[in-house]
2 protein chains.
Amino acid sequence: MSSLAEIARICGVSVGATSKALSGKSGVSEATRQRILSVAAQHNYRPNRLVHAIQSGRSMTVGLTCNDFRDDFSGRIVEGMIEVLYDANYDAVVISWDLCVHEGEKVLRTFAERRVDGLLMFPPADQPSQAYLQELKNFRRPIVVVDQTFVGVEDYDFVGSQDFEGGELATEHLIASGHRKIANLYHRKTSTGRARLEGFRSAMQKHGLVVHEQWMREIQRYGTDEAYAHAKALLSGENPPSAIVAFNDWVAMDVLAAAHDLGLSVPRDVSVVGFADLKLASVVRPRLTTIAQDPLSIGRRAADRLLQMLQAERDASPPGKPMADRVPVKLVVGESSRTIG
Amino acid sequence: MSSLAEIARICGVSVGATSKALSGKSGVSEATRQRILSVAAQHNYRPNRLVHAIQSGRSMTVGLTCNDFRDDFSGRIVEGMIEVLYDANYDAVVISWDLCVHEGEKVLRTFAERRVDGLLMFPPADQPSQAYLQELKNFRRPIVVVDQTFVGVEDYDFVGSQDFEGGELATEHLIASGHRKIANLYHRKTSTGRARLEGFRSAMQKHGLVVHEQWMREIQRYGTDEAYAHAKALLSGENPPSAIVAFNDWVAMDVLAAAHDLGLSVPRDVSVVGFADLKLASVVRPRLTTIAQDPLSIGRRAADRLLQMLQAERDASPPGKPMADRVPVKLVVGESSRTIG
DNA sequence: CTGAAAGCGCTTACAG
DNA sequence: CTGAAAGCGCTTACAG
């Protein structure tokens with residue numbers, strides 16, 4: 001890769017002049033500028049942005065930690081982020097897969113050493129270690145936590161979904177459809193799961209319905225066949241529920257599978273509501289009734305927020321209080337739920 | 001962020017000595033080293049790797065262009081890449097979403113300016129522009145193309161799947177199950193789609209079966225409801241096929257949906273084979289019969305290959321010919337296909 | 001063992 | 001208009 005010095009040498013001028021010419025600054029004659037520009041183009045010159053990063057103290061780079069791209073949900077979030085960052089000339093993002101490498105704090109250290117200007121953080125799958133949280137404290141750059149929170153990051157800005165409201169919405173849809181015997185396959189290990197569960201309880205209480213504990217099934221190990229087993233147990237039990245609120249669309253898929261494998265039909269024998277509105281929700285039959293999240297907006301808002309914080313730093317304005325931004329959700333009625341008697 | 005100079009000043013030694021102490025080089029007394037180490041730890045010192053990148057001419061960074069993370073397939077590929085890169089101390093990856101920004105060549109320019117050491121490239125969704133291909137030529141750093149190829153990148157190393165063999169495998173499974181009337185929902189806009197189609201034709205010919213053109217349906221606009229419409233037309237036509245080979249699992253899902261919406265049952269009325277073995281393949285009912293790809297291996301091998309090329313560069317060994325590495329696929333028999341009369 | 005100096009590739013005041 | 005010099009944060013020969 002040719003350097004400024006080479007271009008300067010070829011043109012027979014100083015590096016200073018070459019620098020000015022290429023960056024469009026004044027102080028060079030038009031003739032020299034043209035000569036320099038043409039030589040630079042010929043030699044395919046590309047300025048080294050790492051130098052600029054060192055000089056300005058701004059790497060124009062944002063760290064991004066993801067736990068997993070298991071479906072289109074996280075993908076759409078990242079898409080929204082990149083879009084906004086790109087427009088702000090943060091076109092490059094240093095990404096790292098902390099779940100994959102199981103070395104969260106080492107990853108954070110790497111970010112610090114790469115001098116990323118800020119961090120967009122999908123929480124790790126498990127509760128992070130003390131070392132991780134400590135490293136996070138030491139990071140001292142703007143951080144926006146995305147999608148989920150976890151113990152130890154309450155002091156950071158957050159962008160996610162209205163999980164509580166979504167939990168309510170799902171439940172109220174079923175109640176409004178005449179359901180009383182409503183089960184819940186919930187997940188307490190994530191903040192999203194807890195909020196949705198709260199929403200469920202709130203809606204039940206609001207309508208004077210009793211939450212039957214035998215229909216409340218906790219998914220302890222998400223991603224295993226546990227949800228499927230719970231669903232099967234619920235549906236083949238003595239007193240089966242007429243509807244099931246699922247932690248998310250994948251769990252709802254497990255319910256569909258369990259019903260199918262038991263020879264039951266959805267929504268005739270049981271209604272199901274998911275959460276997320278993944279691509280598969282509208283592709284599967286019956287189409288899922290689900291609480292649609294807006295991952296693109298989540299990603300955009302998270303990136304916007306980070307850029308705001310970076311701007312505030314530059315303006316030396318006092319840091320505002322960390323705020324939680326929860327993007328609205330909405331009910332999408334599919335074919336997996338129905339009105340009953 | 002505290003600098004080497006600050007640490008040096010605090011310790012009352014030169015920056016040179018401080019540098020040696022922190023990087024574990026010899027030439028400092030043990031006492032001074034300990035003092036420097038402790039001060040650095042206290043002040044949470046992190047070396048600026050951008051400087052190292054400039055000095056060494058190696059940014060220890062790899063560019064990654066993705067078109068989309070629509071499902072777990074690309075996600076798993078990236079997971080495999082990151083894993084291998086991380087182990088080689090390429091722990092950070094500059095990522096860019098060229099589809100999202102619609103400015104492919106600008107993205108490549110950014111990569112050049114950031115001095116990425118190499119490029120892992122998921123091809124863009126559409127055939128790239130001349131400008132893009134030109135910028136790619138100018139890039140002059142190792143490149144590995146992943147998953148798909150496209151016109152203009154034949155000169156690069158490639159890692160993908162045995163798509164041709166997969167197409168054969170899918171078709172032969174159906175033939176072996178007694179099917180003769182086999183339709184194909186194919187996609188010619190991607191290299192993977194073309195190879196799978198070739199595999200289909202090869203298998204049909206090998207078994208002396210005629211390819212009925214009325215059962216050959218091209219998906220022109222992938223991601224729309226076109227595949228669904230094709231499937232519906234095929235299944236409700238005069239002379240419906242007894243089996244359908246789908247371009248991939250998503251298209252197979254569209255076939256399931258079309259069959260369902262027509263009141264048909266899979267596999268009783270029609271058999272379906274997908275391609276990819278996405279997470280959803282085993283979650284949906286009927287479980288998909290599909291050709292399983294190995295995205296984790298694709299990612300790992302692509303990264304391995306890139307690292308090899310970077311190593312070869314350092315060794316100044318002559319560049320080998322670009323090679324295509326196709327990871328084996330295998331048939332996964334689910335419930336969406338059955339043996340007939 | 002320790003420090004001063006050159007250099008990586010650039011930009012930006014400051015002289016001529 | 002043009003060049004020489006300082007500086008960003010570091011490493012690495014080279015002197016003392």
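- Look at B/Glu135 and B/Lys106 and you find no salt bridge, because none of the NZ, NE, NH1 or NH2 atoms lies under 4.0 Å from a carboxylate O.
- Sorted by first and then second residue, the side chain to side chain donor-acceptor pair (under 3.5 Å) pairs with a member in residues 18-29 of chain B read B/Ser29-B/Thr32; sequence neighbours excluded.
- Remark: A/Asp304 pairs with no residue by the salt bridge (Lys or Arg N to Asp or Glu O under 4.0 Å) rule, at least two apart or across chains.
- Considering only residues two or more places apart in sequence or on other chains, B/Glu113 meets the salt bridge (Lys or Arg N to Asp or Glu O under 4.0 Å) condition with A/Arg49.
- Using P as the reference atom, D/dG7 and C/dA4 are 15 Å apart when rounded to the nearest Å.
- The residue among A/Lys20 and A/Ser2 whose nearest nucleotide of DNA chain C is located toward the 5' end is A/Ser2.
- For the pair B/Tyr86 and A/Val107, the minimum side-chain heavy-atom distance is below 4.5 Å.
- With sequence neighbours left out, B/Asp155 forms a salt bridge (Lys or Arg N to Asp or Glu O under 4.0 Å) with no residue at all.
- Under the salt bridge (Lys or Arg N to Asp or Glu O under 4.0 Å) criterion, no residue pair touches residues 53-63 of chain B, with sequence neighbours excluded.
- Within residues 51-59 of chain B, the residues having any heavy atom closer than 4.0 Å to DNA chain C are, in order of number, B/Ile54, B/Gln55.
- In summary, the side chains of B/Asn48 and B/Arg46 do not present any donor paired with an acceptor at a separation below 3.5 Å, with no hydrogens or angles considered.
- Taking CG of A/Leu108 as the reference point, atom CD of A/Gln134 lies at 11.5 Å (rounded to 0.5 Å).
- Judged by closest nucleotide on DNA chain D, A/Val15 is the one of A/Val15 and B/Gly16 placed further toward the 5' end.
- Here A/Arg115 pairs with nothing under the salt bridge (Lys or Arg N to Asp or Glu O under 4.0 Å) rule; sequence neighbours left out.
- Taking the side chain to side chain contact (heavy atoms under 4.5 Å, CB included) definition, one finds that B/Asp294 meets it with B/Leu296, B/Ser297, B/Val327, sequence neighbours left out.
- Without hydrogens or angle criteria, A/Gln34 side chain to A/Ala31 main chain gives no donor-acceptor distance under 3.5 Å.
- Listed by first residue number, the stems of DNA chain C with at least three Watson-Crick or G-U pairs below 3.5 Å are C:1-3 with D:14-16, C:5-12 with D:5-12, C:14-16 with D:1-3.
- Sequence neighbours left out, not one pair with a member in residues 8-19 of chain B passes salt bridge (Lys or Arg N to Asp or Glu O under 4.0 Å).
- Scanning DNA chain C 5' to 3' for nucleotides with an atom closer than 4.0 angstrom to a non-hydrogen atom of chain B gives a first and last hit of C/dC1 to C/dC10.
- If you check residues 22-41 of chain A against DNA chain C, the residues with a heavy atom closer than 4.0 Å are A/Lys25, listed by number.
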